[in-house]
Amino acid sequence: MKHFGANKLDDGVIQAELCIGCGACVDLCPYFRSYRGKTAYLFPCTREEGRCFAYCPKVEVDPDALSRFLFAKPYNGDPLGAWRSIHIARAGARVKRQPFQSGGTVSTLMYFALRSRRIQGAILTGREGLLPVPKLVTRSAEVWRHGLSKYAAAPTLAAMNRAVAAGYEDLGVVATPCQATAVAQMRMNPLQNPSFRDPTALVIGLFCTWALDFRKFEAFLAERVPLRDIVKVDIPPPPASVLEVYLPEGKRTFPLDEIRPLVPNTCGYCLDMTSEFADISVGVLEGRPDLNTLIVRTERGEEIVREAGRQEYLVMEDMPAENREHLEWAAGNKKQRGVRCCTEAGRLNGEAGTACLRLNGEVIERILKNEKNGKESSCHI
Amino acid sequence: MSYLIDEGKNVQHLLMGNEAIVRGALEAGINVAAGYPGTPSSEIIESFSKVAKERNLYVEWSTNEKVATEVAAAASFAGLRSLCVMKQNGVNVASDFLLHLASSGTRGGMLLVSCDDPGALSSVNEGESRLFAKLLEIPLLEPGDFQEAKDIIPWAFDLSERIRNIVMIRSVTRLSHASGNVRFGPLPGTAAHASFTYSGPLLDPDTGPVISMILAAPELQHGPQQEKLKKAAEIFETCPFNTYTGPEAPELLIITSSACSLYSREAVSILGLEERVGILKLATTWPLPQRLLKRHLAAAPKILFVEEVAPTLEDHVKVVAAEAGAEIGVKTFFGKKSGHLPSVGELNPDLVLAALSRICALPYESAPAAFSGAVKALAAQYAPPRGMTFCPGCPHRASYWSIHNALQLDGRNGFVCGDIGCYVMGTLPAGFSTAKTLHAMGSGSGIASGFGKLKQFGMDQPVLSVCGDSTFFHAAMPALTNAIHQRSPFTMVLLDNRGTAMTGFQPHPGSLTNVLGDTVPALDMEKICRAMGAKVEVSDPFDLEKTRQKLNHLVEYAEGAKVLILRQACALSPERRGKKKYEVTVDESRCRGEDCGCNRICTRIFGCPGLIWDREKKVSHVDEIICAGCGVCADICPAGAIIRKEIA
């Protein structure tokens, strides 16, 4: 596939407001920096090809190539992507109760991966105030400090780029679907650098329907609550449909309909709810806020999940069929919406260098004809 | 002892035009000189300061040109001879006071020296100051060569005292900055006594108060002012500096002034037109000597005006010709309006040659086409195009780097309102094209103050201004005052490089010593800004990350006017010149060159002339000869390939 350089990335993604600020292009070079949730292109780079463009999950993504690379099979548009097994999971007896979200499966797996030296460091997302801040964590005990959902888009992969530049190998990454896509593209060594080595040993993907634009989110809250006093922010699983802001004097809730305008347009172009290009994907289990859904996709994902279970870090059981059907329905909805949105914007298989996505006609048809899903007419979130 | 006060009889010295003006003033017994630095005028005050002690002069660099004119006027009111000096833009600044001064009149001889810059070689524009003489109703003299630049000054002082008003002298870059032989005259004694007399009747020019306000009726003050001008015009009829060379009845009469008279002489000589073309070189260009002009106009059917920049002589002489039409007949005029000479930029002998050859139907080629072509081709080969840029080690490059990055990170299309100083290059790639407006001294902050108030119309772009330390005192303080009072939320970045750097490091009110070398109270900009009520931060621009952080913080802080003082001395200042803080080298093995991950950010974007791109090896080098050792590039390099070692 043809790759382009930074100027094209600026035109086609940043200026087009398609950038989600994942950090994949940040800190590889002096040209891209992340600041308060946004990626800035500081100076024009004249290179015709750059890692920035090749890694970006918002332009020229080829799911089929990624699927063949990671899973040795073609991309067929299934709602949950390629998987080996699907479970219900939560932290096991070896893990003390920690302030994690839901079942604590992600933190537990990263904790276990660090303790068992499967990874040298974990790329996680902490926060300073409301601002999500990417972090390289090398001590297992520190994992627990990064366990809560941030809701705002985060430049997590900038920390990964910095860790790679500093010589770290065998990294673990906790990634949203867009970030997991970027990591998968990095792992393919797209510019065929002869000294390249896959820097990851474990990619845990998160389920995601959308993220919030940090700056808009902060401004929204600043008008309504004292920012400094915020203890925690939460969006409980459906059917709650609210954002909860925890303050010392109690909890305030805001209807999600008020929050949705803070979602960047680019989330509408996304087909991936379950981080299909990760080793393992984790999300909440609907109706059970104390449990996670866990999808195992790769061999190395399978190995760590199996060991974490055997050593009682993780407790798992099979997922009931009705839960899986509901998950497929939700993920399929996102796929259909993403395909429509990309098509409307002319960014599905469009002009070289500006297309978000490349899919063959058969796959597009499969996604759009998925009978389980309703007929959403537009790409609005 | 300076050669400027050489008292040898009949000695000659090679003097710059500006030095010739100074020597002329010394021969006229000048007592007080004040100015504000500005190319091409700056050597005048500097030369006075060098002989101030021996000649019992008071010399100062004033806060701005208006104050300089007021300081010189006070000396005149107290009976002394004085002079104020500035570049053409400075006359705009001084013009408010000048209009009043022309109305009140002067006592001791007083001159306004304006050094204009045709072609804007060292200026933001090529504004023409001569038109002020007409507006202010004061006499204007333009010396034509170096000897005249000296000789005309005592004559001008006498004129000022005869008509009791200020006299304007106009020089241009090619006179002020070129040099020629000047034969010296005697220097008077240095005794002088100042006293301001004000006890006489209200409108008595010699003994009453000096007041410009029209107290009774225009005819009592404005009338006498115009009488002074008429008197000057009469004196101009026999001014020894108006000269004519050529036949009695030339085919073509060139009317010219200043350096253009030299170009005219050269062109006539090269074409061998001495028998056909006459040159009337006027030194007294406002008001015009009407009888002298009529005499010359009557003798020639065709007239060519050779002058820089505006068609000033051309317009004024045409009025004379129209009024005298019945006596002198119909003339054919050539000049800027006919398109024979360009209406912008400097003139030169070639341009005059071209005009003359057209008018006189003489084939002339300044250089054979083949030769010109070869020169161009060779120049392109050996002299690659180079943009203007900051010196190695210049704090402005580092400042703009941080400002640019802060605005890009902010991501709201913020911009900088530029101002006057070396940092005008903020509009160019040298300053990462960060400055988006550029006008007069202090205007950046005034414009920023205005932009800051446009939020009610939906404008949410962050607004910054840049302002040098000298510019701050000169004209930016009123703008900042306005912004604070009107709660305009902009960020003023004070580029404090400790001197009036662009014009050659003259002191300003923030300096510890004045032009005479005396220790003086230095005004503290930080304290001033705080006292005015601005939120103030200070940073070293060489600390890129800290500076960037402070900028982002200030830009995000929405309330009112904010000031960031970036303190770092100019690389050419006495404090830093020749003293390297760091030895800077490149570790070639780590340099990423053009690879993904750098793409020559140091030589392609940062652009310090101390960094060189080695095309063969594809790595960067440091030019140790011109590197100023600031070490900033080590923080630019993403690979840690640029290494700085502190020099003990």
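Chain letters run A, B, ... following the sequence lines, proteins first, then strands; residues in each count from 1. Computed from heavy atoms alone, side chains included, the values below leave out hydrogens, waters and symmetry copies.
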Which bit of B:Glu594 comes within less than 4.5 Å of chain A, counting heavy atoms only: side chain, backbone, both or neither? backbone

So A:Val13 and A:Thr266, do their side chains get closer than 4.5 Å, heavy atoms only? no

A:Leu42 portion near chain B, given a 4.5 angstrom heavy-atom threshold: both

Does any backbone or side-chain atom of A:Thr46 lie under 4.5 Å from a heavy atom of chain B? Answer side chain, backbone, both or neither. both

Of the backbone (N, CA, C, O) and the side chain (C-beta and beyond), which part of A:Tyr31 lies under 4.5 Å from a heavy atom of chain B, both, or neither? side chain

Between B:Gly629 and B:Val584, what is the shortest heavy-atom contact and its length? CA-CG2, 4.4 Å

Shortest non-hydrogen contact between B:Ser465 and B:Ala448, atoms and distance: CB-CB, 3.9 Å

Looking only at heavy atoms, which of residues 394-402 of chain B get nearer than 4.5 Å to chain A? B:Trp401

Against chain A, work out which of B:Cys596, B:Pro638, B:Cys637 has the most heavy-atom pairs shorter than 4.5 Å and name it. B:Cys596

Can you see whether A:Phe220 has A:Arg224 sitting over its ring - NZ or CZ less than 6.0 Å from the centre and within 45° of the normal? yes

Measure centre to centre between the rings of B:Phe451 and B:Phe490, then say whether the value is under 6.0 Å. no

Taking A:Pro30, A:Gly5, A:Ala6, A:Cys29 one by one, which has the highest count of heavy-atom pairs under 4.5 Å against chain B? A:Pro30

Checking heavy atoms, do the side chain of B:Arg600, its backbone, both or neither come under 4.5 Å from chain A? backbone

So what's closer than 4.5 Å to chain B heavy atoms on A:Arg36: side chain, backbone, both or neither? side chain

Considering residues at least two apart in sequence or located in another chain, which fulfil the side-chain contact (heavy atoms from CB on, under 4.5 Å) criterion with B:Tyr557? B:Lys535, B:Glu559, B:Lys562

Are the charged groups of B:Asp460 and B:Lys455 less than 4.0 angstrom apart, N to O? no

Side chains of B:His621 and B:Glu588, donor plus acceptor under 3.5 Å: yes

Taking 4.0 angstrom as the limit, do A:Arg215 and A:Glu218 come out as a salt bridge? no

So which residue, A:Cys45, A:Ala40, A:Cys52, A:Gly50, ends up with the most heavy-atom pairs under 4.5 Å with chain B? A:Cys45

Verify whether one side chain among B:Gln568 and B:Asp540 offers a donor that lies under 3.5 Å from an acceptor in the other. yes

